[in-house]
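Data block below; observations after.
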Amino acid sequence: MTGSSPAALSVLTLRETARPPTTGTGYRRRGERVPRLRQPPPHLDLLVDGVPLQRLLVELPVPEPETYGFGDTFDLVSVADLAHPGYAAGDLRRLAGELPPDEELWPLEPGRLPLYVCPIDGDLACGAVTVAVHHDATTTTWSGFRLQNGYSDDEIGLDLSALGPFVFAREAHRDVLLRAADDLDALEAEDRAAELAHRREHGPRGRWRRLTGR
């Protein structure tokens, strides 16, 4: 798939997908307080016209694919990572054009945003697939796909612009991302409630209640 023809708009959807094997422990530590994180949480993969974007990326002719995590398994997760739903909601709103870029976390050139990031800590220096996002009155275009492995243009790992461009109806693109962002906000609220309940049960006051029966 090389992208949309001018007459045909692509359709963006999201789908829960298992995260790749990783030695990351961040979500596992939080799993002590949030039961759902005791198992590897999925991420919401990005589908273009029903095809997972990560599959399209893996199928690109890439030199030494294993070096860049483009081997038999794709080693990155989408920015809609259910391990960190609060951050994920913000990233989806940025893709939708509803929030400005986070220039401190993602010091990318104007108009460029991350799509897939490191499953351990999301650090750009670990490698990330980024895309140029352009909104006009009726459409949103993703183009210039790139694998970045650093914080400057000198550290661009791979030009992936053979993929795309993809042109979406702007309102449909916005709506699917914002619906997912709202669901992620609700999940973050549930996680925070679970952490609060854990502190009440296992914090100093909880231990005192168990010791005294009060």
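Predicted, not measured: the structure shown is a model, and the values here were computed from it.
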If two hydrophobic side chains count as joined below 4.5 Å and joins carry through other members, does Val48 share a cluster with Val58?
yes

Between the side chains of Asp75 and Tyr116, is a donor N or O closer than 3.5 angstrom to an acceptor N or O?
no

Taken to the nearest 0.5 Å, the spacing of Glu188 CD from Leu82 CG works out to 10.5 Å

With a 4.0 Å cut-off, would you call Arg200 and Glu195 a salt bridge?
no

In this structure, which one of Leu53, Asp159, Leu56 forms a side-chain contact (heavy atoms from CB on, under 4.5 Å) with Phe145?
Leu53

When you measure from the side chain of Arg19 to the backbone of Pro40, do you find a donor-acceptor pair of N or O atoms at a distance under 3.5 Å?
no

For a side-chain contact (heavy atoms from CB on, under 4.5 Å) with Arg94, tell me which candidate from Leu177, Leu99, Val133 qualifies.
Leu99

Just checking, any donor-acceptor pair under 3.5 angstrom between side chains of Thr130 and Arg112?
yes

Is the shortest side-chain heavy-atom distance between Asp91 and Val117 below 4.5 Å?
no

Exercise: identify the closest heavy-atom pair between Val176 and Thr13:
CG2-CA, 4.3 Å

Please assess Val79 against Leu115 for the test side-chain contact (heavy atoms from CB on, under 4.5 Å), listing each intermediate value before the final yes or no.
CA-CA 6 Å; Val79 291; Leu115 289 181; 5.6 Å; no

Minimal heavy-atom distance between His135 and Leu95, with the atoms involved, is CE1-O, 3.4 Å

Run the salt-bridge test on Asp191 and Arg33 with the 4.0 Å N-O cut-off and return the result as yes or no.
no

Under 4.5 Å between any side-chain heavy atoms of Gln148 and Leu158, yes or no?
no

Please give me the minimum heavy-atom distance between Ala194 and Pro35, naming the atom from each residue.
CB-CD, 4.2 Å

Between Leu76 and Ala128 the two heavy atoms that sit nearest each other are CD1-CA, 4.3 Å

Is any side-chain heavy atom of Asp185 less than 4.5 Å from a side-chain heavy atom of Arg93?
yes

If we ignore hydrogens and angles and just use 3.5 Å, is the side chain of Arg55 paired with the main-chain N or O of Val51 as donor and acceptor?
no

For Ala89 and Ala181, work out which heavy atoms get closest and say how close.
CB-O, 3.6 Å

Can you tell me how far apart CZ (Arg174) and CZ (Arg179) are? Round to the nearest 0.5 Å.
10.5 Å

What I'd like to find out is whether the side chain of Leu184 reaches to under 4.5 Å of the side chain of Leu92, using heavy atoms alone.
yes

Which heavy atom in Arg36 sits nearest to a heavy atom in Pro41, and how many Å separate them?
NH1-CB, 4.0 Å

Test Glu16 against Leu44 for side-chain contact (heavy atoms from CB on, under 4.5 Å), laying out the working first.
CA-CA 4 Å; Glu16 280 196 16; Leu44 300 180; 3.5 Å; yes

May I ask you to test the Pro114-Val131 pair for a side-chain heavy-atom distance under 4.5 Å?
no

Ignoring hydrogens and geometry, is there a side-chain-to-backbone donor-acceptor pair from Arg170 to Asp136 under 3.5 Å?
yes

Classify the ring geometry of Phe168 against His173: parallel below 30°, tilted from 30° to 60°, perpendicular beyond 60°.
tilted

Could you tell me if the side chain of Leu47 sits less than 4.5 Å from the side chain of Leu14, heavy atoms only?
no

If we ignore angles and hydrogens, is there a donor and acceptor under 3.5 Å between the side chains of Ser78 and Asp45?
no

Do His43 and Thr17 have side chains that get closer than 4.5 Å, going by heavy atoms?
yes

How about His134 and Ser143: do any of their side-chain heavy atoms sit closer than 4.5 Å?
no

Classify the angle between the aromatic ring planes of Tyr87 and His84 as parallel (below 30°), tilted (30 to 60°) or perpendicular (above 60°).
perpendicular

Checking Leu57 against Leu163 for the side-chain contact (heavy atoms from CB on, under 4.5 Å) test, could you report, in this order, the C-alpha distance in whole Å, the side-chain angles of both residues, the deciding distance, and whether it holds?
CA-CA 7 Å; Leu57 288 163; Leu163 181 64; 3.6 Å; yes

